[in-house]
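Quick notes on the structure that follows.
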Number of protein chains: 2
Amino acid sequence: MPKDGQLTKDRILAESRSLVLKNGFAATSIDNILEKTGLTKGAFFYHFKSKSELAKALIEDFAGEDISYMNKALDKTATINEKDALERLLQFIQEFIDMMADLSDPPPGCLYASYLNETNQFDEDIRSYITSTILLWRQTLELLIGNVLEQRKMSIEVDSKSLADMLVVIFEGSYVVSKAVNEADLTAKQLTHLKNYYQLLFKEKK
Amino acid sequence: MPKDGQLTKDRILAESRSLVLKNGFAATSIDNILEKTGLTKGAFFYHFKSKSELAKALIEDFAGEDISYMNKALDKTATINEKDALERLLQFIQEFIDMMADLSDPPPGCLYASYLNETNQFDEDIRSYITSTILLWRQTLELLIGNVLEQRKMSIEVDSKSLADMLVVIFEGSYVVSKAVNEADLTAKQLTHLKNYYQLLFKEKK
DNA sequence: TATTTTATACCAACTGGTTTGTTTATTTTT
DNA sequence: AAAAATAAACAAACCAGTTGGTATAAAATA
C-alpha cells in the first residue's frame, strides 16, 4: 500500500493555482509554492519534473473542473429540453447566476485568462488545449441555442456562434472588471443581463 | 535644439507594451526590451529609474489612449444627445464596433487585464489607477443610459450601473476569447450584441 | 568667433541576488 | 521493500540595477 502522494500533489496544485491567479505564472516561483505548502524542492520535483509540467497539470485540473460545472448545468436542465428549448437555455444560464450569486468576494479568476495574458510563455499544446476547451463551451451553447431556433421559426437572422460565445465572454470580462472594482456580485449581475438578452431576443417574436 | 530623448522613451514604451501584452509583465525582462529596441541598459535606466516605474508609465500611457478613445466617441455623438438619448447611446457603441470591425488580427489585448492578472506584483497606486479608469467608463455609460431613462419613462426597473459595466465587460471578455480562438472579428460581433441588447431593452416599451 | 562648459542621451561591463533544476544521501511512512 | 518525502549543496542561466565613461549639441564665456 503506497503512501498517498496524491494528497501532496493536490496541495501543490491548489496552492499553485491560487498563487498563479494572483501573481501570474511567471511571477509564481517554485520557492513561493514551497513556502505555501511547507514542502521542499525534492518533494516538488518528485511530483512534477519541471515548472512547465506544473503549468500543464494546473490548466488540465482547472479545465476539468470547468467542464464539470458545464456538464452539471446541462444535467440539471436536461429534462426541460424537449418541452421548451428557450426555458432550458435560460435555466442553463440561471445555474451559473446561482453559482456566482452568493460570493462574498470577487471570483478568484480564470486560469485560461491568466495563461492567455502571458501566452508566449506556454507551448502550443497548452494554448490549443485552452482553445479547445473554450470551443467546447461555444459548441454546447450553440446546441442549446440551435434548439431554440428550431422550435421558434425566427424571422430575424441570428448568429448563433457569436450568441453562444457571449457566456464565456461575459464570464471572462466580468472577472476582469470585478477584480478592478472589487465587487463580488458583478459577475452574477452581468450573467443576468445575458439571460435577459436571450429572453428578449427569442421570447418576443415567435 | 535638444537631442530628442522622448523618441527613445516612446520606443521603449511601445515595445514594452507589445511584449507585456504577449508575455505578461513579470516575464518581460529589461533585456528583452533592450533586444527589441536595440538599446542598452544604461539607456533604459536613464529614462526609467526602475522596472516598476516603467510599469507605471506603461499603464498611464495606455489609459491615456483608452480614455481618449472614449472622449472621441463622446464628441462624435454629442449632437444627437438632446434629440434622442437612445440613438446617442447606440451610436456611441457603434463607434467602438466600427473601430474593431476591420481588424485582420485579434486585438493585441488590454493592459488593465494584463496587470489585473498579475495584480499582486503592482503597488496600490497602480491598482487604484486602473480602478478609477474603469469606473470612469462606468460613470460615462451610466450618464448616457440615465439620459435614455429620463426620456422614456421605463416601466421595468433598470440597474443602470451593471448595464453601464457591460461595455467594459464585453471588451475585456472578448479580448480573452478572441485570443483563445484567434478570431479577429469576435469583439465587433460581441459589441453588436450589446448594442442590440440596449435597443431591445429600451426601444420596445416606452 | 573661437573656446569652454554643461546637460542630455547613451554605451559596455559588472555586481549581487534569484531562479530553475540536479544531485546525493538520509529519513519516514505504509 | 517500495514510495514519499527531507535536507543541503550546487550549477548555470537570468535578472534588476549600478558604475564609470563617452558622444554630441546647445549655451556660456572669452
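Chain letters run A, B, ... following the sequence lines, proteins first and then strands; every chain starts at 1. Heavy atoms only: backbone and side chains are in, while hydrogens, waters and symmetry mates are out.
- Annotation: side chain of Asn196(A) is in contact with side chain of Gln199(A) (closest heavy-atom distance under 4.5 Å).
- One interatomic measurement links the two molecules: CG of Leu34(B) to C1' of dA13(C), which rounds to 14 Å at whole-angstrom precision.
- Looking only at side-chain heavy atoms (C-beta outward), Ile134(A) and Ile130(A) come within less than 4.5 Å of each other.
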Worked verdict on Phe44(A) versus Leu39(A) for side chain to side chain contact (heavy atoms under 4.5 Å, CB included): CA-CA 7 Å; Phe44(A) 178 89; Leu39(A) 295 167; over 6 Å; no

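- Using a 4.0 Å cut-off between a side-chain N of Lys or Arg and a carboxylate O of Asp or Glu, Glu183(B) and Lys161(A) qualify as a salt bridge.
- Going from atom CZ of Phe44(A) over to atom C1' of dA7(D) covers 18 Å, rounded to whole Å.
- For Lys56(A) and Asp123(A), the salt-bridge test fails: no basic side-chain N is under 4.0 Å from an acidic carboxylate O.
- Here Thr8(A) does not reach the OP1 or OP2 of dA4(D): none of its side-chain N or O atoms lies under 4.0 Å away.
- Here His47(B) does not reach the OP1 or OP2 of dT8(C): none of its side-chain N or O atoms lies under 4.0 Å away.
- When side chains are defined from C-beta on, Leu74(B) counts as touching Arg88(B), because their heavy atoms get closer than 4.5 Å.
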Output a table of nitrogen or oxygen pairs between the protein and nucleotides 12-19 of chain D separated by less than 3.5 Å.
residue: dA16(D); atom: OP1; partner: Lys51(B); partner atom: NZ; Å: 3.1
residue: dA16(D); atom: OP2; partner: Ile30(B); partner atom: N; Å: 2.9
residue: dA16(D); atom: N7; partner: Lys41(B); partner atom: NZ; Å: 3.2
residue: dG17(D); atom: OP2; partner: Lys51(B); partner atom: N; Å: 2.8
residue: dG17(D); atom: O6; partner: Lys41(B); partner atom: NZ; Å: 3.1

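- Look at OH on Tyr46(A): it is 16 Å from P on dT22(C), rounded to the nearest Å.
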